[in-house]
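Each remark here refers to the structure printed beneath this line.
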Amino acid sequence: MQITWVTALLNWFQLHQRELPWRQTKDPYAIWVSEIMLQQTRVETVVPYYRRFLERFPTVEHLAKAQIDEVLKLWEGLGYYTRAKNLHRAAQVIQQEYQSVFPRSHSEVLALPGIGDYTAGAIMSIAYGQPFPAIDGNVLRVIARLQLVQKDISLPQTKTEVAAFLKGVFPLEQASDFTQALMELGALVCLPMTPKCTLCPIQVHCQAKQRNMQQELPIKSKKTLPKREKRYLAIIQQGDKILMNKRPMAGLLGGLWEFPGVESKNKQDFVQNFKRQFGLTIIPKVHKLDTSHVFSHRIWEMKVYHSELVSGEVTTAADLHWIPIDQLNTIAIPSAFQKIKDSLLLGGKLC
DNA sequence: AAACCGGGGAT
DNA sequence: ATCCCAGGTTT
């Protein structure tokens, strides 16, 4: 009686769902890969990455025996690179602990690195058809409006309450479609700013719409502002090779390659910090370009100097390597440095 | 609970 | 300029 909205939602999903690559399979491995890629990342962005990844690593075993550098290269540009490292580690856990058979129980899935409440619920419901809710930003928004949830959705307690509500209405025979339908509604109709309520299959059940409060919900606390950081980068060339640094695996952009750089207040500070960080004495020559990059929690304002290498014993603190310019495309370089890389590749030689 | 961790598209 | 996206982990 009071859960007819579930049926209405499922009928709408049958008619209006998008054709997405991961909807052509029930392979838990493929579903898993898609869910990790989709964390905080839009569907359209993920699609080409997903196709390439599954072509290269069709099974858990292919992924488990891969080199992490190749996994990161396939992840290049997607962001949140810890996802790729956890995916790789979890594949090795599945190979060793589960004989390469993806685990079937919720507790085992949840225990894998990189899998939290949302992803465990998504895999259990979508791949295995079991009634575990998968609560992402879409679902929180849909349920907050449907049930007039006026608490901050970023509070763990709110998620717990939404989970309890969903468990009570879960259609046991259509768990996979129900999970996906909730998210699809959030992505296509129940939009954050201007929801398309006239198109909504459950509008008559929506408590927010009844009170004309769609715009006010969900309630979400503000995020802290990103911090600005001045960063000086050195382009150091010897013949057709460029000196590149592989960032430490832990931390920001961990395991990816960068044009060696340091946070510095000015040019003199740059040379000093560079020697401390990399053990190399350089002379900044040509101020090549300025570029900035915005992370969710940090802003890099980068000054790039074509620099001369005077002397240096490489310290253990860094992981410097000479990379031929025509091989820059074979290592994983994050988006923050893509403009710089392009200027090298297009310009051929430096000015 | 808050901070850290990427990148891009929509408004 | 702001929001937020099929979030998880660490502090």
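This structure is a prediction, so every number in the text was calculated from the model and none was measured. All values below come from the heavy atoms of this structure, side chains included, with hydrogens, waters and symmetry mates left out. In what follows, chains are A, B, ... by sequence order, proteins preceding strands, each numbered from 1.
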Would you kindly give the CG-to-C1' distance between A:L225 and C:dT2, to the nearest whole Å?
11 Å
Taking B:dC5 as the reference, what is the distance to C:dC4 when you measure between their P atoms (whole Å, please)?
22 Å
For A:W75, answer base if it contacts any base atom (sugar-phosphate contacts may also be present), sugar-phosphate if it contacts only those atoms, and nothing otherwise; contact means non-hydrogen atoms under 4.0 Å.
nothing
Touch class at under 4.0 angstrom, heavy-atom based, for A:R141 against every strand present
sugar-phosphate
Heavy-atom nearest nucleotide on DNA chain C taken for A:I115 and for A:R18; more 5' hit belongs to A:R18
Between protein and nucleotides 5-11 of chain B, map the contacts as a letter string: B base, S sugar-phosphate only, - none, heavy atoms under 4.0 Å, written 5' to 3'.
BBBBB--
Would you mind classifying the nucleic acid contact of A:L182 as base, sugar-phosphate or nothing, using non-hydrogen atoms under 4.0 angstrom?
nothing
Using the C1' atom on both, measure B:dA3 against C:dA6 and round to a whole Å.
23 Å
Would you classify A:V43 as touching base, sugar-phosphate or nothing, given that sugar-phosphate means primed atoms plus P, OP1 and OP2, and contacts are heavy atoms under 4.0 Å?
base
Quick one: do A:F278 and A:F274 satisfy ring-ring contact (aromatic ring centres under 6.0 Å, His included)? Show the steps, please.
CA-CA 6 Å; A:F278 297 106; A:F274 199 93; 4.7 Å; yes
In terms of the angle between their ring planes, are A:Y305 and A:H287 parallel, tilted or perpendicular, with boundaries placed at 30° and 60°?
parallel
Atom-to-atom span, CG of A:D117 to C1' of C:dG7 - whole angstrom:
10 Å
Expressed as a whole number of angstroms, how long is the span from A:D136:CG to C:dC4:P?
13 Å
Okay, side chain of A:Q203, backbone of A:T198: is any donor-acceptor separation there less than 3.5 Å?
yes
For residues A:Q157 and A:E161, is any side-chain donor paired with an opposing acceptor at under 3.5 Å?
yes
Does a donor on one side chain sit under 3.5 Å from an acceptor on the other, for A:H205 and A:T4?
yes
Using heavy atoms and a sub-4.0 Å distance, could you list which residues of residues 28-38 of chain A are near DNA chain C? By number, please.
A:E35, A:L38
Polar side chain donor-acceptor pair, A:N266 to A:K230, under 3.5 angstrom:
no
B:dG8 to C:dT9 separation - P atoms, rounded to the nearest Å
24 Å
Is there a donor-acceptor contact under 3.5 Å from the side chain of A:E301 to the main chain of A:S292?
no
So if I apply the side chain to side chain contact (heavy atoms under 4.5 Å, CB included) rule between A:V33 and each of A:Y50, A:F57, A:Y49, A:W22, which one comes out positive?
A:Y50
Separation between CG (A:L225) and CZ (A:R298), nearest 0.5 Å, reads 14.5 Å
Using whole Å, what does the distance between atom C1' of nucleotide C:dC3 and atom CG of A:L140 come to?
16 Å
Could you tell me how far apart A:L217 (CG) and C:dC3 (P) are, to the nearest whole angstrom?
16 Å
Taking atom C1' of C:dC4 as reference, at what distance in whole Å does atom CD1 of A:I153 sit?
10 Å
In whole Å, what is the span from the CD1 atom of A:I143 to the P atom of C:dA6?
15 Å
Per the under-4.0 Å heavy-atom filter, residues of residues 119-135 of chain A near DNA chain C come out as A:T119
For atom C1', what is the distance between B:dG9 and C:dG8, given to the nearest Å?
23 Å
Indicate whether the side chain of A:Q39 and that of A:Y118 have a donor and an acceptor atom separated by less than 3.5 Å.
no
Apply side-chain hydrogen bond (donor to acceptor under 3.5 Å, both in side chains) to residues A:S296 and A:K223 and explain how you reach the verdict.
CA-CA 10 Å; A:S296 53; A:K223 288 174 184 173; over 6 Å; no
Between C:dA6 atom C1' and A:Y50 atom OH, what is the distance in whole Å?
13 Å
Side-chain donor-acceptor contact under 3.5 Å, A:R83 with A:N86:
no
